[in-house]
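As the structure lists them, so they are numbered: ligands from 1, and atoms in each ligand from 1. Residues take their numbers from the sequence shown, with the count starting at 1.
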Amino acid sequence: MNIRKFALIAALGLCTAGSAWAKDYKVGQVEIDDLWVRASAPGQSNGAGYMDIDNDAKTADRLVSVTSDAAERVELHTVQTENGVSKMRQVEGGIAVPADTEVKLSPGGYHVMFIKLRAPFKDGDTVPATLKFEKAGEVAVQFKVKPASHNPGMSHDHGAMKH
Ligand SMILES: [Cu+2]
């Protein structure tokens, strides 16, 4: 292999080590990482939450529900495009997490929908919630509130640069 390819593989290796270090929560064989919500815009009554779910088990699991005192109701949503218009839709039966697979909830796709927030999400705060998986069970988590401008697709915000 040439030097360039080696450097790329080394960088990927570091990246993997970084995210392994950063795993925030674990229940059974399911790891949940990088949970965040965007800070509320003025007057905004709903908020979307995102995370990475990594199922290391040999069997499929499913995120069946999310509950939180931060909102009146919490739903699992996806985004579908119909006739060129993006619409949010509730996911029937929860979000499937196949065996040995990582599922990302991210802007434009699957998300946790906090409906009728009891208080606006403020940058720097955390939002407590409970995730319920069909097989792995329940786990209490905290979503980090990120600035309204946060866009993980653009910034590739790993946190890895800071330590
Ligand atoms: Cu939604």
Taking the six-membered ring for Trp, are Phe143 and Phe114 closer than 6.0 Å centroid to centroid?
yes
Under-2.8 Å protein N/O/S neighbours of the Cu ion (ligand 1), ordered by chain then residue number:
His77 ND1, Met88 SD, His111 NE2, Met113 SD
Over all atoms of both residues, closest heavy-atom pair of Val145 and Thr126
CG2-N, 4.4 Å
In residues 83-98, what donor-acceptor pairs under 3.5 Å come from side-chain atoms, sequence neighbours left out?
from	atom 1	to	atom 2	distance (Å)
Arg89	NH1	Gln80	OE1	3.1
Arg89	NH1	Glu82	OE2	3.0
Arg89	NH2	Glu82	OE2	3.2

Less than 4.5 Å apart, any side-chain heavy atom of Asp123 and any of Pro147?
yes
Evaluate the side-chain proximity of Phe133 to Val27: yes if any heavy-atom separation is below 4.5 Å, no if none is.
yes
Can you tell me how far CD of Gln44 sits from CZ of Arg38, rounded to the nearest 0.5 angstrom?
9.0 Å
